[in-house]
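All heavy atoms count here, side chains included; hydrogens, waters and symmetry mates do not. Throughout, protein chains are lettered first and strands after them, A, B, ... in sequence-line order, and every chain is numbered starting at 1.
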Amino acid sequence: MLDIQVLRNDLAAVAARLKTRGFELDTAQFELLEAERKTIQTRTQELQAKRNATSKLIGQAKAKGEDVSAIMAEVGALGDELKQLETKLPQVLADMDAFLAVIPNVPHAGVPVGMSEADNVEVRRIGDIPKFAFEVQDHVSIGEGLGGLDFETATKIAGARFSLLTGPLARMHRALAQFMLDTHTDKHGYTETYVPYLVNADSMRGTGQLPKFEEDLFRVPRVVGDDGVEKNFYLIPTAEVPVTNMVRDEIVALEKLPMKFVAHTPCFRSEAGSYGRDTRGMIRQHQFEKVELVQMVHPEKSYEMLEELLGHAETILKQLGLPYRVVKLCTGDMGFSAATTYDIEVWLPAQNTYREISSCSNFEAFQARRMQARFRNAAGKPALLHTLNGSGLAVGRTLVAVLENYQNADGSVTIPDVLRPYMGGMEKLSK
RNA sequence: GGAAGCGUGGCCGAGCGGUUGAAGGCACCGGUCUUGAAAACCGGCAACGAUGCGAGUCGUUCGUGAGUUCGAAUCUCACCGCUUCCGCCA
């Protein structure tokens, strides 16, 4: 959510910056809503003030035993208009809120302007791309060759875009998550968290998935109470949602900042609108695991912390010996809530390209404003936090990357050194 | 699933339908005292919103939503959450 004050004071400038990310702000509509809001709100408050003052007089007169019928008639006269306005005002405010809720964040000044992925800017490349003296296989062939990767059975159990791992492959999947968690908690100072995988609509709204992107989510309806009212749970599309919402409607003490949390959770995405993309393998699934880094920080520190968080995610790839590059997303390629985003892309030999494995973003106060997530500043006043998050990393895609980058001519896969302690000392996956 | 109780400011905790935005305490900020600190004492201290250049003024908010009333933290109803007891249970 953008700051409505900024829209009031600097509408044209905001519209221009939003245009760089491909969003047309309806400034006429805003001005219309704002004018209506102002008229109704000021008139309502005026009448309320009059009512309050008169009611106070009644109390005083009654205490003295005076006749109050004349004043009562006076208040009664306010009744109709006030009642009408008091019904109208929340509607107008809700209209404005609905208008604001679908406006994406304003890109930070340092974000390259562009319309698509093609305009993203490469920041660095790390690691040497492996050379193979044989024809490389993709992770599906490798996994099926080894045994333990079975899409047919997954499809039988659930449907398309699910996977089934068994044996050493399942173990390596777990090992990766464990290794990531241990690294972030022991070396990077994050607090491990276990969170709900089903969340309410307020939480989804807080981080920006709702109201605009409901079709990307798995919705779980449930009947609540005796009156049969239906409310929804939503399966989390990322741990960002439950973890960031920990501070919703909170005012945290200055000394508690920065707050750094890591959570390993499944993530559920409907992948509506991605029919036909990445249909083979584990790249794009309805359910996948991710180790997520989340920070709530002082607004002055958020860009510094973003670089740090990005480094934490990169550490995992370095430790695993996987080649990758860091890309700064352009205005047109960023997510709805982000002010700045770096993607980390890992090298996938079978695709002969880099593929996204992590996305690290600074949301500035965009999510905090929706969540009313605040801290008490040096002056003792509540102020909005900045929130950040990044994958550290997507576990399924990391498994894919390990299988492909560590494959051998005989179809076996060498286990990266850092994973061996988590694999009972095993050095190789083979048939 | 059954029974009872409870939801008040950053935290704890009072609160007759009418100067209650809300006693008191803690925390926090400023001051006096002190070589410094602590203690003690004095003072300040809710959030959000509207409006104004500004000091300010006004409105809303006591779990949420409806209702009664000229007026609701206080009365009524529904819902949500928490606690305790019984039953069931991974």
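Between the P atoms of B:A73 and B:U61, the separation comes to 7 Å (whole Å). Nucleotides B:G13 and B:C6 are separated by 14 Å at their C1' atoms, to the nearest Å. Comparing the same atom, C1', in B:U68 and in B:U76 gives a spacing of 7 Å after rounding to whole Å. Taking the C1' atom of each, B:C80 and B:U32 are spaced 50 Å apart, rounded to whole Å. Between the P atoms of B:G21 and B:U74, the separation comes to 13 Å (whole Å). Comparing the same atom, P, in B:A38 and in B:C28 gives a spacing of 10 Å after rounding to whole Å. Taking atom P on both B:G2 and B:A78, the two are 14 Å apart, rounded to the nearest angstrom. With both ends at atom C1', the span from B:C45 to B:G9 equals 11 Å, rounded to whole Å.
Nearest nucleotide to the side chain of A:Arg376, out of B:G10, B:C70, B:G59: B:G10. Proximity note for A:Ser55 (side chain, C-beta onward) versus B:A50, B:G71, B:C48: the nearest is B:G71.
The only member of A:Glu81, A:Glu46, A:Glu86 that meets salt bridge (Lys or Arg N to Asp or Glu O under 4.0 Å) when paired with A:Arg51 is A:Glu86.
For the pair A:Asp249 CG and B:U61 P, the computed distance is 18 Å after rounding to whole Å. Atom pair A:Glu36:CD and B:A50:C1' shows a separation of 16 Å (rounding to whole Å applied). Computed from coordinates, the A:Arg8 CZ to B:A50 C1' distance equals 8 Å when rounded to whole Å. Atom CG in A:Leu82 sits about 12 Å away from atom P in B:G59, given to the nearest Å. Distance CD (A:Glu86) to P (B:A72): 10 Å, rounded to an integer number of Å. As a whole-Å value, the separation of A:Lys50 NZ from B:G71 P is 16 Å. Residue A:Leu89 contributes atom CG, which lies 10 Å from atom C1' of B:G59 at whole-angstrom precision. Taking atom NZ of A:Lys83 as the reference point, atom C1' of B:A66 lies 13 Å away to the nearest angstrom.
Between A:Met172 and A:Ile415, the shortest heavy-atom distance links the atoms CE-CG1, 3.8 Å. Residues A:Phe375 and A:Leu384 share a closest heavy-atom pair of CE2-O, 3.3 Å. When all heavy atoms of A:Pro237 and A:Phe288 are compared, the pair lying nearest together is O-CZ, 4.3 Å. Residues A:Cys330 and A:Met115 share a closest heavy-atom pair of SG-N, 4.1 Å. Closest approach of A:Leu419 and A:Phe179 over heavy atoms only: CD2-CB, 3.9 Å.
Judged by closest nucleotide on RNA chain B, A:Ile251 is the one of A:Ile251 and A:Ala53 placed further toward the 5' end. Both A:Gln41 and A:Gln48 lie close to RNA chain B; mapped to their nearest nucleotides by heavy-atom distance, the more 5′-ward contact belongs to A:Gln41.
Here A:Arg43 lies out of heavy-atom contact (under 4.0 Å) with every strand.
At the phosphate of B:A50, OP1 or OP2 sits under 4.0 Å from a side-chain N or O atom of A:Gln5. The side chain of A:Lys381 contributes no N or O atom lying less than 4.0 Å from OP1 or OP2 of B:C45. Note on A:Arg51: a side-chain N or O is less than 4.0 Å away from OP1 or OP2 of B:U60. For the pair A:Lys38 and B:A50, the criterion of a side-chain N or O lying under 4.0 Å from OP1 or OP2 is not met. OP1 and OP2 of B:C58 both lie 4.0 Å or more from every side-chain N or O belonging to A:Asn52.
In this structure, A:Tyr197 has its ring center no closer than 6.0 Å to that of A:Phe268. Checked against the 6.0 Å centroid threshold, A:Phe218 and A:His286 count as a close aromatic pair.
RNA chain B forms stems at B:1-7 with B:80-86, B:10-12 with B:24-26, B:28-32 with B:40-44, B:46-51 with B:56-61, B:63-67 with B:75-79, each a run of 3 or more consecutive Watson-Crick or G-U wobble pairs whose two key distances fall under 3.5 Å.
Listed for the A:Glu292 side chain is no donor-acceptor partner under 3.5 Å among the backbone atoms of A:Ala263.
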